[in-house]
Amino acid sequence: MLTDIIRSKTIKAIQSIYAIELSERDLQVNLTKPEFEGDYTIVLFSLIKSLKKNPDEIGNAIGNYLVENETAFFESYYIIKGFLNIVLKSDFLLKMLNQHYQDPCFGKAAMNEKKIMVEYSSPNTNKPLHLGHLRNNFLGRSIAEILKANGYDVAKTCIVNDRGVHICKSMIAWKRFANGATPSSTNKKGDHFVGDYYVMFNDAYKTEVEELVQKGMSKADAEKEAPIMKETQQMLIDWENGKPEVIELWKTMNQWVYDGFEITYRRIGSDFDKTYYESNTYLLGKDTIEMGLKNDVFFKKDDGSVWIDLTSEGLDEKLVLRGDGTSVYITQDIGLAQLKYDEFNIDQSIYVVGDEQNYHLKVLQLICKKLGLPYADGIHHLSYGMVELPTGKMKSREGTVVDADDLIDEMVSIAAAHTQELGKVKEFSSTELKELYDTIGLGALKFFLLRVDPKKKMIFNPEESIDFHGFTGPFIQYTHARIKSVLRKNELDPSMHDFKEPLHKMEKELLIQCELFEQTLKQAGQSLDPSTLSMYLFQLAQSFNSFYAALSISNAETEQKKQLRLKISSMVATILKSGMQLLGINVPEKM
RNA sequence: GGUCCCGUAGCUCAGCUGGAUAGAGCGGCAGCCUUCUAAGCUGUAGGUCAUUGGUUCGAAUCCAAUCGGGAUCACCA
């Protein structure tokens with residue numbers, strides 16, 4: 001990578017001029033700001049102390065040395081107020097261009113030996129997906145792809161929360177209110193169908209509680225005594241005892257939800273190498289607790305419940321097994337962590353889970369460490385912020401949840417309206433059009449959710465629909481389609497690779513930006529952050545559009561210039577396409 | 001109350017381990033389609049980087065305190 005090359009050559013220069021060995025960390029190399037002359041900038045301030053010279057003197061010495069001794073790389077230099085701005089020769093960039101202008105693997109690392117698991121999505125089977133789930137799904141999928149591009153062997157998994165009292169709630173409501181209705185009899189998507197009964201449960205429950213309070217019962221008691229709640233709790237017990245009729249209903253209703261999820265997953269492009277179900281894993285982890293009890297990692301209280309004391313870590317005492325011997329949430333997470341490790345032999349396990357569970361995941365890792373489990377250090381919580389509305393958190397009780405399917409439909413129909421209005425793809429068949437609308441609508445939505453730092457919470461305003469202009473997915477898709485159009489109309493000659501004419505400023509800038517792709521992927525992989533990639537792709541597209549407006553490709557001054565520009569365009573399109581694919585976004589040939 | 005996170009333009013967000021006059025997009029204003037896709041391009045206005053102190057050649061960035069907002073601390077998942 002260029003930055004690394006410049007850094008190491010500069011360090012070598014300093015060593016040979018001043019006989020002082022600097023570490024890579026001591027030297028800052030950045031892109032030169034556009035308002036100054038030069039391509040890359042070396043910051044001289046940090047060298048003043050160790051070299052005991054003034055910045056101008058140091059800059060001149062280094063600049064001279066580089067231009068004279070590294071003739072293949074450096075052309076000239078400028079010194080402005082403590083910064084050494086160097087001008088690159090075009091050779092390195094042109095070589096890269098000739099090699100990779102249509103290489104879909106450009107920027108990606110070779111396979112390494114490490115295996116990483118990414119767990120994401122992890123839905124509940126009692127309600128349809130909402131906007132928050134979309135952020136999770138897009139992040140998980142994209143991070144998995146980015147890690148693959150960094151050479152890792154990646155396994156995508158999902159843990160489905162398919163059991164528990166909340167699942168029984170929709171089952172009870174269905175028994176009470178459905179009269180045998182099914183998704184097909186009502187022509188409703190299965191997950192939405194079941195979700196409706198979950199809502200009905202809460203309504204009925206609320207009514208019953210109110211009635212009891214009217215009769216003089218306290219609110220707390222009423223909440224426990226409401227018949228519908230008692231039925232639900234009984235159902236959970238029946239479920240755990242395997243009562244056939246309950247199991248039958250549970251299977252049926254979950255299948256409805258899975259059928260619904262399947263449609264959404266296929267549409268948004270989420271898939272998994274392995275799906276775990278809580279109904280299979282909820283009993284895991286007890287052996288490990290037993291082991292920890294023997295090793296004094298855990299302790300037992302008088303009532304038989306098992307705990308871990310994390311107060312020395314600044315946390316609390318945490319229950320890991322109930323007094324009656326049944327599991328809590330963390331018990332099965334300990335077990336599942338073990339199971340994943342056993343089944344996949346992973347070096348690292350990434351959990352894409354919302355930041356509301358920071359404490360939980362911290363405790364999970366700490367417990368695994370204390371137990372001395374080999375995979376403890378590999379556990380990594382990719383904590384992402386909640387998606388909120390301008391009015392605050394989304395609340396299902398207040399009906400302010402943004403439904404995933406609805407939002408996708410809305411985005412796709414906006415894409416369709418825009419496309420029809422512009423009328424650029426009149427020759428498309430109806431299937432091609434449908435595919436294009438999906439590509440653009442989902443591209444806008446995915447990019448919107450991936451362009452911000454995962455760690456930060458973000459605000460979605462349903463009043464202003466997601467943009468299709470500016471820093472958006474469609475902007476990048478459009479840039480790609482535009483390039484493809486130019487490439488269709490002008491023949492690129494692969495044999496032409498000797499570009500002697502000096503590069504235009506914008507040509508050089510584009511090549512330097514292309515070169516940055518590898519570094520960007522590496523950084524996105526290390527920080528598990530697709531937003532850095534999103535920003536990079538946007539900037540690249542933006543630079544291309546400026547280039548496109550300022551310089552003519554097909555009517556370039558010379559044939560050599562034309563071919564150079566066609567290759568640069570091709571390289572930009574290649575990077576935009578492969579970069580967007582790492583975000584889970586397709587780019588059209590035409591739009 | 002304990003722990004953790006956040007506060008940058010009207011709005012949504014970038015600003016990496018301290019470095020040049022704090023940047024994008026949207027929205028506002030003014031321009032650009034007889035030339036390769038105007039979902040584009042160019043220009044312009046808009047900031048006490050929550051506040052106050054400290055560290056130093058230099059702070060939006062590091063430290064401390066204050067103010068404001070949020071998450072979490074269940075024999076829930």
Side-chain angles (χ1 to χ4, degrees), chain A residues 25 28 30 32-33 35-36 41 43-46 48-49 55 80-83 85 124 161 163-166 278 282 301 303 305-307 313-316 318-324 326-330 332-333 354-360 362-363 383 385-386 388 390 392-393 415 418-419 421-422 424-425 440 444 448 451-453 455-461 464 467-479 481-490 523 527 531-532 534-535 538-539 541-542 544-556 562 565-566 569 590-591:
Chain A
R25 298 209 126 233
Q28 266 191 68
N30 306 318
T32 303
K33 296 208 165 196
E35 57 266 36
F36 298 99
T41 292
V43 182
L44 298 170
F45 297 101
S46 54
I48 299 174
K49 264 187 206 154
I80 306 159
K81 292 195 287 182
F83 296 90
N85 297 338
N124 289 342
N161 184 232
R163 52 144 248 128
V165 73
H166 52 296
E278 261 192 37
Y282 80 109
K301 288 196 176 172
D303 61 359
S305 58
V306 182
W307 296 73
E313 267 77 18
L315 306 175
D316 308 282
K318 186 84 187 169
L319 178 88
V320 294
L321 207 60
R322 291 193 184 101
D324 60 9
T326 58
S327 308
V328 288
Y329 185 38
I330 198 124
Q332 62 171 307
D333 272 348
D355 63 7
E356 55 195 356
Q357 296 198 46
N358 282 354
Y359 183 79
H360 175 76
K362 203 170 167 182
V363 169
S383 163
M386 298 288 107
E388 293 180 6
K393 282 188 89 168
H418 270 286
T419 307
E421 201 179 310
L422 294 170
K424 292 179 184 175
V425 288
I440 298 172
F448 177 82
R451 67 176 204 185
V452 309
D453 186 340
K455 287 193 296 294
K456 297 194 175 175
K457 72 174 181 200
M458 60 185 296
I459 294 185
F460 170 77
N461 189 347
E464 316 161 3
D467 231 306
F468 283 64
H469 302 269
F471 186 15
T472 67
F475 175 94
I476 296 169
Q477 292 172 321
Y478 170 74
T479 308
R482 210 181 201 190
I483 295 173
K484 283 306 172 110
S485 169
V486 176
L487 292 173
R488 257 179 260 125
K489 290 182 178 159
N490 297 279
Q523 197 195 334
S527 53
S531 75
T532 47
S534 312
M535 286 186 285
F538 170 65
Q539 280 159 11
Q542 208 178 29
F544 180 85
N545 283 322
S546 300
F547 158 87
Y548 179 90
L551 305 170
S552 176
I553 298 168
S554 55
N555 289 320
K562 179 176 168 179
R565 288 178 190 166
L566 283 171
S569 303
K590 257 185 122 168
M591 67 185 273

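By convention in this document, chain letters (A, B, ...) are assigned in the order of the sequence lines, proteins followed by strands, and residues within each chain are numbered from 1.
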Visitor: Counting only Watson-Crick pairs (N1-N3 plus N6-O4 or O6-N4) and G-U wobbles (N1-O2, O6-N3), all under 3.5 Å, who is the partner of B:G28?
Guide: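 Checking every strand shown, B:G28 finds its partner in B:U44, with both distances under 3.5 Å.
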Visitor: Categorize A:Thr419 for me: base, sugar-phosphate, or nothing, with a 4.0 angstrom heavy-atom threshold over every strand shown.
Guide: base
Visitor: Using the side-chain heavy atoms of A:Phe45, tell me which of these nucleotides is nearest: B:U37, B:G19, B:A20.
Guide: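 Out of B:U37, B:G19, B:A20, the nucleotide with an atom closest to A:Phe45's side chain is B:G19.
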Visitor: Can you tell me if A:Lys362 touches the phosphate of B:U72, counting only side-chain N or O atoms and a distance under 4.0 Å to OP1 or OP2?
Guide: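 No.
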Visitor: Give a yes or no on whether a donor-acceptor pair under 3.5 Å exists between the nucleobase atoms of B:A20, that is its base, and the side chain of A:Thr41.
Guide: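 Donor-acceptor pair under 3.5 Å: yes.
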Visitor: So, is B:C33 syn or anti if syn means the angle is within 90° of 0?
Guide: syn
Visitor: By nearest atom, which of the nucleotides B:A14, B:A77, B:U37 is closest to the A:Tyr548 side chain?
Guide: B:U37
Visitor: On the side chain of A:Asp333, is there an atom forming a donor-acceptor pair with the base of B:A77 - under 3.5 Å, no angle test?
Guide: no
Visitor: Name the nucleic acid region contacted by A:Asp453, choosing base, sugar-phosphate or nothing; use a 4.0 angstrom heavy-atom cut-off, strictly under.
Guide: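 Sugar-phosphate contact only - A:Asp453 comes under 4.0 Å of backbone atoms but never of a base.
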Visitor: From C-beta outward on A:Ile80, which listed nucleotide comes closest to its side chain: B:C41, B:U72, B:A20?
Guide: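 Closest nucleotide to the A:Ile80 side chain: B:A20.
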Visitor: State which of B:C13, B:U42, B:A71 makes the closest approach to the side chain of A:Lys393.
Guide: B:A71
Visitor: In the structure shown, which nucleotide is the Watson-Crick or G-U wobble counterpart of B:C33, with both distances under 3.5 Å?
Guide: none
Visitor: Check the phosphate of B:U37 against A:Ser485, side-chain N and O only, distance under 4.0 Å to OP1 or OP2. Yes or no?
Guide: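 So the side-chain polar atoms of A:Ser485 do come within 4.0 Å of the phosphate oxygens OP1 or OP2 of B:U37, strictly under.
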Visitor: From C-beta outward on A:Met535, which listed nucleotide comes closest to its side chain: B:G25, B:A14, B:C73?
Guide: B:A14
Visitor: May I ask you to verify if any side-chain N or O of A:Lys489 is less than 4.0 angstrom from the OP1 or OP2 atom of B:C36?
Guide: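 No, no such contact exists.
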Visitor: Does B:U55 pair with anything, Watson-Crick or G-U wobble, both distances under 3.5 Å, and if so, with which nucleotide?
Guide: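 Answer to the pairing question: none, since B:U55 forms no Watson-Crick or G-U pair.
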Visitor: Given the side-chain rings of A:Phe475 and A:Tyr478, with only the six-membered ring counted for Trp, is the space between their centroids under 6.0 Å?
Guide: no
Visitor: Should A:Val486 and A:Tyr548 be marked as a side-chain contact (heavy atoms from CB on, under 4.5 Å) after you check the CA-CA gap, both sets of side-chain angles, and the distance that decides it?
Guide: CA-CA 10 Å; A:Val486 176; A:Tyr548 179 90; 3.8 Å; yes
Visitor: Taking the six-membered ring for Trp, does A:Phe83 stack with B:A20 (centroid gap under 5.5 Å, planes within less than 30°)?
Guide: yes
Visitor: Give one of base, sugar-phosphate or nothing for A:Ser46, where a contact means two heavy atoms less than 4.0 Å apart.
Guide: base
Visitor: Would you indicate which nucleotide in B:U72, B:C36, B:A14 comes nearest to any side-chain atom of A:Ser552?
Guide: B:C36
Visitor: On the nucleotide B:G25, are OP1 or OP2 found under 4.0 Å from the side-chain N or O atoms that A:Arg451 carries?
Guide: no
Visitor: Any base atoms under 4.0 Å from A:Asn358, or only sugar-phosphate, or nothing? Heavy atoms, all strands.
Guide: nothing
Visitor: Please determine, for the side chain of A:Gln542, which listed nucleotide (B:C76, B:G25, B:C26) has the closest atom?
Guide: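 Per side-chain heavy atoms of A:Gln542, the pick is B:G25.
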Visitor: Could you work out which one of B:U37, B:A71, B:A77 sits closest to the side chain of A:Glu356?
Guide: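 Comparing B:U37, B:A71, B:A77 against the side chain of A:Glu356, the answer is B:A71.
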Visitor: Is there ring stacking between A:Phe538 and B:A24, where the centres must be under 5.5 angstrom apart and the planes under 30 degrees?
Guide: no
Visitor: Work out how far the C1' atom of B:C73 is from that of B:U8, and round it to whole angstrom.
Guide: 31 Å
Visitor: So which nucleotide does B:C4 pair with, by the Watson-Crick or G-U wobble rule with both distances under 3.5 Å?
Guide: B:G70
Visitor: With respect to the side chain of A:Tyr478, which nucleotide from B:A20, B:C41, B:A38 is positioned closest?
Guide: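 It is B:A38.
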Visitor: I want to verify a distance call: between B:C41, B:A77, B:U37, whose nearest atom is closest to the A:Val486 side chain?
Guide: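 Among the listed nucleotides, the one closest to the side chain of A:Val486 is B:U37.
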Visitor: Just how far, in rounded Å, is P of B:G58 from CD of A:Gln28?
Guide: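 Roughly 17 Å, once rounded to whole Å.
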Visitor: Could you tell me the Watson-Crick or G-U partner of B:C49, where both distances fall under 3.5 Å? Say none if there is no partner.
Guide: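 Here B:C49 is not engaged in any pair, so there is no nucleotide opposite it.
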Visitor: So that I can tick it off, tell me whether A:Lys455 and A:Asp453 are bridged by a salt bridge, with the cut-off set at under 4.0 angstrom between side-chain N and carboxylate O.
Guide: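 So A:Asp453 pairs with A:Lys455 through a salt bridge.
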